[in-house]
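Have a look at the structure below before the remarks.
Letters A, B, ... mirror the listed sequences (proteins, then strands); counts begin at 1. Note that this is a predicted model, so its numbers are computed, not measured.
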There are 2 protein chains.
Amino acid sequence: MKCDPNNNTCKGNCPCKEYCPLGSALKLIGGKWKIPILCALSQDGTTRYNELLRKLRGITNTMLASSLKELEADGLIYRRQYLEMPVRVEYEITDFCTDLLPILAQLAQWGVQTHKSK
Amino acid sequence: MKCDPNNNTCKGNCPCKEYCPLGSALKLIGGKWKIPILCALSQDGTTRYNELLRKLRGITNTMLASSLKELEADGLIYRRQYLEMPVRVEYEITDFCTDLLPILAQLAQWGVQTHKSK
DNA sequence: CGGGATCCCGAGCGATACTG
DNA sequence: CAGTATCGCTCGGGATCCCG
């Protein structure tokens, strides 16, 4: 877990270090909707805003917009805006995020062992 | 990400399925303190309650107790109680959790690419 | 020593309405 | 179409005190 026991000054997510890469990684995909959004984008490829809104049953306008903004700022997705009429905006997974997907797949596989319906 | 696009009835973390293993996996290690706890236990092995309390600088009694209880209920750690005087309780990582650690290490390595101080 | 019981606050999220 | 603005609430987590 990339921790140094000799340095116990961590103020973040890890008890061992100032800066915990695991903590910062989890922040990027944290929150209620980021995983579902990435999941949808990784399956369907380039997707428009309202398409996402429909596919992610239950998400609100507010949460989709703010989540997309954060994901873009963190380099996980691209936002492409086409100045047509009406406006068209498309979202797509970045290479950085593509690197993440197989890791998440492993995590999902590990999670399968969890049979509890929590 | 183990999702089925043909089933859009997901009410959990994933837009594609009723039950998302990735979502349930992330729930097990979610919250503010579970990763730090697992990190400490994976480094130092078997550890006592008050030892954890000291090592995890900033954690409160309430959070340590509740986090440990959840981690045990989810099968990530063992709790062993020795009826000495005074009472001694030790916590340890389970094999199930040991399987998780290399995956988290990968996630941490991926997170290293994040240079933003968010 | 290893917790439990309460109280409380603020972030995160939802609902609704509005806009370029 | 693709968002922003505001409000309000729930609930994760902190602080403090208590208990076997």
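- For A:Thr47 (side chain) and A:Gly45 (main-chain N/O), a donor-acceptor pair under 3.5 Å exists by modelled atom type.
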Task: Letter per nucleotide, 5' to 3', of nucleotides 13-20 of chain C [B base touched, S only sugar-phosphate touched, - untouched; heavy atoms, 4.0 Å] - done: SSBB----
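- Under the 3.5 Å distance criterion, the side-chain polar atoms of B:Thr94 are matched with a main-chain donor or acceptor of B:Gly75.
- Computed from coordinates, the B:Lys69 NZ to C:dG3 P distance equals 9 Å when rounded to whole Å.
- For DNA chain D, the span of nucleotides reached by chain B at under 4.0 Å from its heavy atoms goes, 5' to 3', from D:dG13 to D:dT16.
- For the pair B:Trp110 (side chain) and A:Phe96 (backbone), a donor-acceptor distance under 3.5 Å is present.
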- [ ] Apply side-chain contact (heavy atoms from CB on, under 4.5 Å) to B:Lys32 and B:Met63, showing your working.
- [x] CA-CA 9 Å; B:Lys32 188 174 179 180; B:Met63 284 312 297; 5.6 Å; no
TODO: May I have the step-by-step check of side-chain contact (heavy atoms from CB on, under 4.5 Å) for A:Leu68 and A:Arg79, ending in yes or no?
DONE: CA-CA 9 Å; A:Leu68 286 172; A:Arg79 190 192 108 109; over 6 Å; no
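- The distance from atom CG of B:Leu68 to atom P of C:dG2 is 11 Å, rounded to the nearest whole Å.
- Ring geometry for A:Tyr49 versus A:Tyr91: interplanar angle of 30 to 60°, hence tilted.
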TODO: In sequence, state the C-alpha distance, the side-chain angles, and the governing distance for A:Gln109 and B:Ile103, and then conclude on side-chain contact (heavy atoms from CB on, under 4.5 Å).
DONE: CA-CA 11 Å; A:Gln109 187 136 14; B:Ile103 303 177; over 6 Å; no
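- A donor-acceptor pair under 3.5 Å is absent between the side-chain atoms of A:Ser66 and the main chain of A:Leu64, judged by distance alone.
- Using a 4.0 Å heavy-atom cutoff across all strands shown, B:Tyr82 reaches no nucleic acid atom at all.
- The distance from atom CD of B:Glu90 to atom C1' of C:dC1 is 13 Å, rounded to the nearest whole Å.
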